[in-house]
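What follows is a single structure, written as structure tokens, with notes after it.
Numbers here are sequence positions counted from 1.
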Amino acid sequence: QVQLVESGGGLVQAGGSLRLSCSASGRTFSSRAMGWFRQAPGKEREFVARICWNLGSTYYVDSVKGRFTISRDNAKNTVYLQMNSLKPEDTAVYSCASTLTIYNCGSSDYTDRERYAYWGQGTQVTVSS
């Protein structure tokens, strides 16, 4: 079992920045994808970004390209989401997630939430206008 704990959410003014962190513990997998998803009230959970853990390759939803950056620290077993130029429409609960062992991360976007087996509790991000 893998445990994921997010932190770094909060209230920020439009145009501001936040950095989310997701610390992994337990039995992690070296060959995996880790992603960030978000869910606004009344909406389905939406893919935001993912990173292939061993390769470091990244993929983003179009709405955050150029503003958000996903990264990981192998030594700390932590994934980050740096969010700049925040907009009110970015307001949501942000959750990190991890797949089981995979071997094709570089050939797939991994935007489908059904591919992720482990989830954190989520952290609230609120962007005011």
Notebook entry, point to check: Does the side chain of Ser108 come under 3.5 Å of the side chain of Arg115 through a donor N or O and an acceptor N or O?
Noted result: yes
Item checked: Heavy atoms from other residues, nucleotides or ligands near NZ of Lys65 exceed 12 (cutoff 6.0 Å) -> yes
Notebook entry, point to check: Does Ile102 offer a backbone N or O that forms a donor-acceptor pair with the side chain of Ser31 under 3.5 Å?
Noted result: yes
Margin query: I'd like to know if the side chain of Glu6 and the backbone of Leu20 have a donor-acceptor N/O pair within less than 3.5 Å.
Written below: no
Next item on the list: Determine the minimum heavy-atom distance between Asp73 and Ala75, stating which atoms define it.
Entry: OD1-N, 3.1 Å
Next item on the list: Answer whether the closest heavy-atom distance between the side chains of Thr69 and Tyr60 falls below 4.5 Å.
Entry: yes
Check: What about Val93 and Leu18, same hydrophobic cluster or not, with Ile/Leu/Val/Met/Phe/Trp/Tyr joined at side-chain heavy-atom distances under 4.5 Å?
Finding: no
Note to self: Can you confirm whether Glu89 is buried at CD, in the sense that more than 12 heavy atoms of other residues, nucleotides or ligands lie under 6.0 Å from that atom?
What the structure shows: yes
Note to self: Is the distance from the ring center of Phe37 to that of Trp119 below 6.0 Å?
What the structure shows: yes
Next item on the list: Quick one: closest heavy-atom pair of Ala40 and Thr91, and the distance?
Entry: CB-O, 3.9 Å
Margin query: Any carboxylate oxygen within less than 4.0 angstrom of a Lys/Arg side-chain nitrogen, looking at Lys87 and Asp90?
Written below: no
Checklist line | Short side-chain to backbone donor-acceptor contact, Tyr116 and Ala33, under 3.5 Å | finding: no
Margin query: With heavy-atom distances below 4.5 Å as the criterion, would you say the side chains of Val79 and Trp53 are in contact?
Written below: yes
Next item on the list: Would you name the heavy atoms of Leu81 and Trp36 that are closest together and state the gap between them?
Entry: CB-NE1, 3.6 Å
Margin query: Testing the basics here: between Ser98 and Arg32, what is the closest heavy-atom pair and its distance to 0.1 Å?
Written below: OG-CD, 3.3 Å
Margin query: Quick one: does any side-chain atom of Thr58 pair with a main-chain N or O of Ile51 as donor and acceptor, under 3.5 Å?
Written below: no
Checklist line | From OH (Tyr80) to OG (Ser23), nearest 0.5 Å | finding: 7.0 Å
Check: What residue among Asp112, Asp109, Thr111 forms side chain to side chain contact (heavy atoms under 4.5 Å, CB included) with Phe47?
Finding: Thr111
Checklist line | Heavy-atom side-chain contact between Val64 and Arg38 under 4.5 Å | finding: yes
Notebook entry, point to check: For the atom pair CE (Met34) and OG1 (Thr99), what is the distance rounded to the nearest 0.5 Å?
Noted result: 9.0 Å
Check: Hey, what do you get for CG (Leu4) to OG (Ser95), rounding to the nearest 0.5 Å?
Finding: 10.0 Å
Item checked: Test item: Asn104 and Tyr110 side chains (from C-beta on) under 4.5 Å apart, heavy atoms -> yes
Next item on the list: Grab the two heavy atoms, one from Asn84 and one from Gln82, that are nearest each other, plus how far apart they are.
Entry: OD1-NE2, 3.0 Å
Margin query: Checking Leu55 now: which residues fulfil side-chain contact (heavy atoms from CB on, under 4.5 Å) with it, not counting sequence neighbours?
Written below: Cys52, Ser57
Notebook entry, point to check: If every non-hydrogen atom of Val2 is compared with every non-hydrogen atom of Arg27, which pair is closest and at what distance?
Noted result: CG2-O, 2.7 Å
Next item on the list: Please answer: with hydrophobic residues joined when any side-chain heavy atoms are less than 4.5 Å apart, are Leu86 and Val61 in the same cluster?
Entry: yes
